[in-house]
Amino acid sequence: MAEALLQVRDLHGWYGESHILHGMSFEVARGEVVTLLGRNGAGKTTTMRAVMGMLPKRAGSVRFQGRELISLKSNQIARAGIAICPEERGIFASLSVRENLMLPPRVKDGGLEVEEIYRLFPNLRERSASQGTKLSGGEQQMLAIARILRTGAELLLLDEPTEGLAPVIVQQIGNTIRMLRQNGFTIVLVEQNFHFAATVADRHYVVEHGHVIDMIPNAALEANREKLKTYLGV
Ligand code: ATP
């Protein structure tokens, strides 16, 4: 594997007294798309939040470009070059598409201007003046992903971008992820839908009870189908 851009080692995380992450370890090479797969409550979202510095209590090691981030705050982690697109999307309904795109601060050199984002997301340009409330679920998801490119992040953490979307829109999200990868972004994707995951990712980490129990290269997914069904309970 090429040099790891992100290296997570023995990561622990807590919500209050609840110990949720029990030694998560995984790594992501520059330019890869990697998924965290697992059942509801396995700790996938919590892992993303811990990497982003959004959990009040965490321990272990999160190295990004060789730099240790475990004790940094989320704004410092954003400046290091990581951005998260949360499951709830966080689109402001009363603001236009353009206004939503202008919200995230450009915390780092290389953060995209709105025009550059429109070049990557031509559909959003067409909807530029539309209010958040007027967008379909798929358009909102596109906007939520597009918006984090403002920050200048190189590593994008996408939390269940396909959730609740119709199959044809899920395909569009897949195209978006492949397009982002071609444009040099590295992506960690939380997914429940492994059929979708198989169309976009290089490797899959299976998460259970707050740690990684297996890693399956995408090319080996078919051969591991039965095992995976057991892991995911599908
Ligand atoms: P899902 O697909 O349901 O989001 P997940 O694998 O992402 O699953 P997490 O959301 O990371 O799972 O949740 C892991 C565990 O942490 C669950 O037991 C959940 O109940 C608990 N948890 C999540 N958020 C909180 C919170 N804010 N406070 C307390 N416990 C939480």
Next item on the list: Determine whether M52 and I82 make a side-chain contact, defined as any pair of heavy atoms from C-beta on separated by less than 4.5 Å.
Entry: yes
Check: In terms of hydrophobic clusters joined by side-chain contacts under 4.5 Å, are V200 and L165 together?
Finding: yes
Next item on the list: Could you pull out the closest heavy-atom pair between M48 and I84, with the gap in Å?
Entry: CB-CD1, 3.8 Å
Check: If you look at every heavy atom in I187 and L155, which pair is closest and at what distance?
Finding: N-CD1, 4.3 Å
Next item on the list: Answer yes or no: is there a side-chain heavy-atom contact under 4.5 Å between L221 and I216?
Entry: yes
Notebook entry, point to check: Can any side-chain N or O of R30 pair as donor or acceptor with the backbone N or O of F185 at less than 3.5 Å?
Noted result: no
Notebook entry, point to check: Under a 4.5 Å side-chain heavy-atom rule over Ile, Leu, Val, Met, Phe, Trp and Tyr, are V212 and L189 clustered together?
Noted result: no
Checklist line | Spatial distance of atom CD (Q141) from atom CG (L158) [nearest 0.5 Å] | finding: 8.0 Å
Checklist line | Under 3.5 Å: donor-acceptor pair, side chain of D214, backbone of V206 | finding: no
Check: Under the salt bridge (Lys or Arg N to Asp or Glu O under 4.0 Å) criterion, do D159 and R49 qualify, and how do the steps go?
Finding: CA-CA 10 Å; D159 196 352; R49 293 173 57 84; over 6 Å; no
Check: Short question: side chain of R58, backbone of W14 - any donor-acceptor pair under 3.5 Å?
Finding: no
Checklist line | Donor + acceptor pair across side chains of E163, N193 (<3.5 Å) | finding: no
Note to self: Restricting to non-hydrogen atoms, name the atom on I91 and the atom on G132 that form the minimum distance, rounded to 0.1 Å.
What the structure shows: CG2-CA, 4.1 Å
Notebook entry, point to check: Just by distance, do the side chain of D202 and the backbone of V33 share a donor-acceptor pair under 3.5 Å?
Noted result: yes
Check: Out of curiosity, L124 CG to N100 CG, how far, rounded to the nearest 0.5 Å?
Finding: 10.0 Å
Note to self: Would a single hydrophobic cluster contain both M215 and V190, if residues Ile, Leu, Val, Met, Phe, Trp and Tyr are joined by side-chain heavy-atom contacts under 4.5 Å?
What the structure shows: yes
Next item on the list: Please identify each residue that fulfils side-chain hydrogen bond (donor to acceptor under 3.5 Å, both in side chains) with H211, with sequence neighbours left out.
Entry: none
Check: Can R106 and E113 be said to form a salt bridge (Lys or Arg N to Asp or Glu O under 4.0 Å), step by step?
Finding: CA-CA 9 Å; R106 295 176 72 212; E113 299 286 359; 3.1 Å; yes
Note to self: Between Q131 and S94, is there a side-chain donor-acceptor contact under 3.5 Å, judged purely by atom types and distance?
What the structure shows: no
Check: Got T46 and Y15 here, is their nearest side-chain heavy-atom distance under 4.5 Å?
Finding: yes
Item checked: Close side-chain approach of P161 and I145, heavy atoms under 4.5 Å -> yes
Note to self: S25 vs L11, test: side-chain contact (heavy atoms from CB on, under 4.5 Å). Steps then yes/no.
What the structure shows: CA-CA 7 Å; S25 295; L11 178 64; over 6 Å; no
Margin query: Using a 6.0 Å cut-off, check whether atom CZ of F92 has over 12 heavy atoms from anything other than its own residue.
Written below: no
Item checked: Nearest heavy atoms of R181 and E32, plus distance in Å -> NH2-CA, 4.2 Å
Item checked: Side chain K44, main chain G38, donor-acceptor under 3.5 Å -> yes
Note to self: Please check: side-chain N/O of S61 versus main-chain N/O of V8, any donor-acceptor pairing under 3.5 Å?
What the structure shows: no
Next item on the list: Might you work through the side-chain contact (heavy atoms from CB on, under 4.5 Å) test for L149 and L156, ending with a clear yes or no?
Entry: CA-CA 9 Å; L149 306 184; L156 311 180; 3.8 Å; yes
Check: Will you find, in the side chains of Y205 and T35, an N or O donor that is under 3.5 Å from an N or O acceptor?
Finding: no
Notebook entry, point to check: Does the side chain of T45 come within less than 4.5 Å of E87's, by heavy atoms?
Noted result: yes
Notebook entry, point to check: When rounded to the nearest 0.5 angstrom, what distance separates CD in Q7 from CD in E68?
Noted result: 9.5 Å
Check: Using a distance-only test with no angle check, is there a side-chain donor-acceptor pair under 3.5 angstrom linking T186 and E154?
Finding: no
Notebook entry, point to check: Quick one: do M24 and L157 end up in the same hydrophobic cluster if we chain Ile, Leu, Val, Met, Phe, Trp and Tyr together by side-chain heavy atoms under 4.5 Å apart?
Noted result: yes
Item checked: Non-hydrogen atoms of M142 and F121 that approach each other most closely -> O-CE2, 4.0 Å
Next item on the list: Nearest 0.5 Å please: distance from the CZ atom of F194 over to the OG1 atom of T199.
Entry: 12.0 Å
Checklist line | Cluster overlap L95 with V114, hydrophobic side-chain contacts below 4.5 Å | finding: no
Margin query: Please verify the inter-ring angle class for H12 with H19; under 30° counts as parallel, over 60° as perpendicular, anything in between as tilted.
Written below: tilted
Check: Got a second to check how far I20's CD1 is from T47's OG1, nearest 0.5 Å?
Finding: 10.5 Å
Check: Any side-chain heavy atom of V97 within less than 4.5 Å of one from Y118?
Finding: yes
Note to self: Under the criterion side-chain contact (heavy atoms from CB on, under 4.5 Å), I'd like the reasoning laid out for I177 against F196: C-alpha separation, chi angles, the key distance, then a yes or no.
What the structure shows: CA-CA 11 Å; I177 290 172; F196 171 74; 3.9 Å; yes
Note to self: If you apply the rule side-chain contact (heavy atoms from CB on, under 4.5 Å), what do you find for R89 with Q140, and how did you get there?
What the structure shows: CA-CA 7 Å; R89 297 174 190 151; Q140 287 189 20; 4.3 Å; yes
Notebook entry, point to check: What's the spacing between K57 NZ and L21 CG if we round to 0.5 Å?
Noted result: 12.5 Å
Notebook entry, point to check: So, for R39 and L232, which heavy atoms are closest and what is the spacing to 0.1 Å?
Noted result: CG-O, 3.7 Å
Next item on the list: Could you check I148, L101, I117 and say which one makes a side-chain contact (heavy atoms from CB on, under 4.5 Å) with L112?
Entry: I117
Notebook entry, point to check: Should the pair E27-R9 be classified as a salt bridge under the 4.0 Å nitrogen-to-oxygen rule?
Noted result: yes
Check: Excluding sequence neighbours, so at least two apart, what forms side-chain hydrogen bond (donor to acceptor under 3.5 Å, both in side chains) with R125?
Finding: E115
